[in-house]
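Note that ligands are numbered from 1 as they come in the structure, with each ligand's atoms numbered from 1 the same way.
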Amino acid sequence: CSTSTDKNANKTEPAPTPNPSESTPTPAEPGKVTGTSFKNFGTYGFDLKNTRHVPYKEVTAENVKDLGMIWSADLKALDKDVKNGNQCYPVVVDGVVYITTAGNQVFAFDAVTGGSIWHWKPSAEQAANFSKAGIIANRGVAVGEGKVFMLTVDNQIVSLDQKTGKLVKMVPISDSVKGVTLENGYYETTAPVYYKGNIYIGSSGGDNGIRGFVNAYKASDLTPAWDTPFWTVPPKGQDWLANSKFQGGGAVWNPPAIDEETGIMYFAVGNPAPDFYGESRPGDNPYTDSVVAVNASTGKLIWAKQEISHDLWDYDAAASPMILNATVKGKKQKIVVQGGKSGQWFAWDAKTGKVVWDGIPFAKIDHPKPTPEGVTVYPGVLGGENYAPETYDPETNYVLIPGIEQGALLKSAKNQDEASTPDAPGAAAFGTTTLAAQNDVAFGTITAMDVNTGKKAYQVKTKDPMRGGFTSTVAGLAFYGELDGKINALAIKSGKVIWTFQTTGNSVQAAPAIFTVDDKQYITFTTGGIAPKVFVFGLGGDKTQGKAGTAEDTNAHQKK
Ligand SMILES: O=C(O)c1cc(C(=O)O)c2c(n1)C(=O)C(=O)c1cc(C(=O)O)[nH]c1-2
């Protein structure tokens, strides 16, 4: 895929060497769980609204300096087939931390000791196929009905016994949604979500020209729960796809948000395909680059709002939407918010989709039309906000937005690709990208968006692009990691970093889960890059394991 060069560069792995001596799956050893009372981080976004805001307050601005490492685990040391580039958002249920890896291994650790409860990995034969997908990252599990659910790179839904890790079922998505295969350009990186007996999934592959969908499966037997999937773009040959060689894109590659009071589910839809060349897909290209609301029990459309019409820049609505009860223009309102790769932040009335805040910029924005010679656009290929989730702090009424600042050179490459690509789904999108000039060094931002006024309360710079996102606490702290392996606590009101810990991992590309066991508060992060690890922090933990950075250093480099 011609768009893959930059954003996939550090994620492509050499094909794993099949090892005939490996059994499939790894036999699981049921382990022992420490503690008796648990407060969970039971789903991707903490709650189904994806607020990532936890009610745990043992760790405060005053005592955060006493946070230290309780345990860590080096995932590659535990299994040599663990791949680089972990993007797992940990899920923690009843004292067990569930971690996935790039390449679809699953680890269950005792949350207090780090002891192994169980471990599952795909067969070498299955994993050998994964390199066919440009990205083999995985963003975590869903837990429900005594099972742990994961989506694999090669488009299977896996359910594992929550206690033992034994495989309960592995079902190809193509059994229920025809053509959802690696060969056709589909792959899975997203975490599924469990709600009321169902598992909700989307898929990746928008840049490969797949036809995007969302579907629901019964958690009990993984059979479809809706009459039909919700398709994000029309079938090939219809509507705006009449002239296109491709299925149209519109992948849903991050978890949905679900409002349990109304039963409405919201998801973010990615870019249309071909990416940077739009002549063959006239019009607005609904529902690409959109947030869509459907009835969670039927999959029927309620409303859809587009952030970018007729996208020529790969500006997916990528990060999961978040549902908030916030003060807006002086009144309480239930809204859905989303920050797009376009560098703009949106809010809509949750019920009606009526616009509340319409594309407030949080990154540098310049969207010229791509030409064969190339134009520099802002944001670049990773967008202003990629998959990293926001968090909402009701105390300040701020949404924290994890930002990325860097341009890209986009070329529309009609002739080259028209000549070379076969007339099939799964063929490359038209166009090429390179990062913009070398002096265009990428950095990140943290924007506190005041939901009441639609204005930035503050924006602080971070040394590296913000790739992981935030998790906040009722004590007014937001925890996040950086690409150098540092993890930080931000005082939400002031925007000041008040605690920094340099882990021995690198490249934090996910946000932490925060939970309690026997009333003690723990914070767990994964690190990715070439050092996929898991860290668990708590008050009184070891402060000597990482060192290096201090909050002063972090604030200083963030001001530059
Ligand atoms: O359209 C898609 O299907 C799709 C999928 C993914 C993915 O699954 O990770 C990414 C993107 N697009 C994308 O545009 C993008 O910038 C991106 C970055 C990453 C990453 O793992 O860092 N994935 C993806």
Do Gln509 and ligand 1 have an N or O pair less than 3.5 Å apart?
-> no
Any N or O of Gly205 closer than 3.5 Å to N or O of ligand 1 | yes
Taking the six-membered ring where the residue is Trp, are the ring centres of Phe535 and Phe525 under 6.0 Å apart?
-> no
Test of ring centre spacing under 6.0 Å for Tyr200 and Tyr217 = no
With a cut-off of 4.0 Å, which atoms of ligand 1 are near a heavy atom of [X]?
| X | value |
| --- | --- |
| Gln87 | 20 (C), 21 (O), 22 (O) |
| Thr189 | 7 (C), 8 (O), 9 (O) |
| Asp316 | 1 (O), 12 (N), 14 (O) |
| Tyr387 | 20 (C), 21 (O), 22 (O) |
| Val381 | 16 (O) |
| Asn271 | 1 (O) |
| Ser204 | 3 (O), 5 (C), 7 (C), 8 (O) |

Partner set under salt bridge (charged side-chain N to carboxylate O under 4.0 Å, His left out) for Lys533, not counting sequence neighbours = none
Identify whether the distance between the nearest side-chain nitrogen and carboxylate oxygen of Asp484 and Lys486 falls below 4.0 Å.
-> yes
May I ask you to say whether Glu183 pairs ionically with Lys132, meaning some side-chain N is under 4.0 Å from a carboxylate O?
-> yes
Across all chains, not counting sequence neighbours, the side chain to side chain contact (heavy atoms under 4.5 Å, CB included) partners of Leu241 are Val233, Pro234, Ser244
Between Tyr315, Trp253, Tyr186, flag the one that comes closest to atom 24 (C) of ligand 1 by a heavy atom.
-> Trp253
Run down the list Arg467, Arg139, Lys341 and name the one with the heavy atom closest to atom 22 (O) of ligand 1.
-> Arg467
For [X], which part has a heavy atom under 4.0 Å from ligand 1: side chain, backbone, both, or neither?
| X | answer |
| --- | --- |
| Ile210 | neither |
| Ile135 | side chain |
| Asn208 | neither |
| Asn386 | side chain |

Relative to each other, are the rings of Tyr387 and Trp253 parallel, tilted or perpendicular (30° and 60° limits)?
-> perpendicular
Lys NZ or Arg CZ of Lys341 over Tyr315 ring: under 6.0 Å, within 45° | no
Honestly, is Arg52 close enough over Tyr44, meaning NZ or CZ under 6.0 Å from the six-membered ring centre and within 45° of the axis?
-> yes
Please tell me if the side chains of Tyr287 and Phe230 come closer than 4.5 Å, counting only heavy atoms from C-beta onward.
-> yes
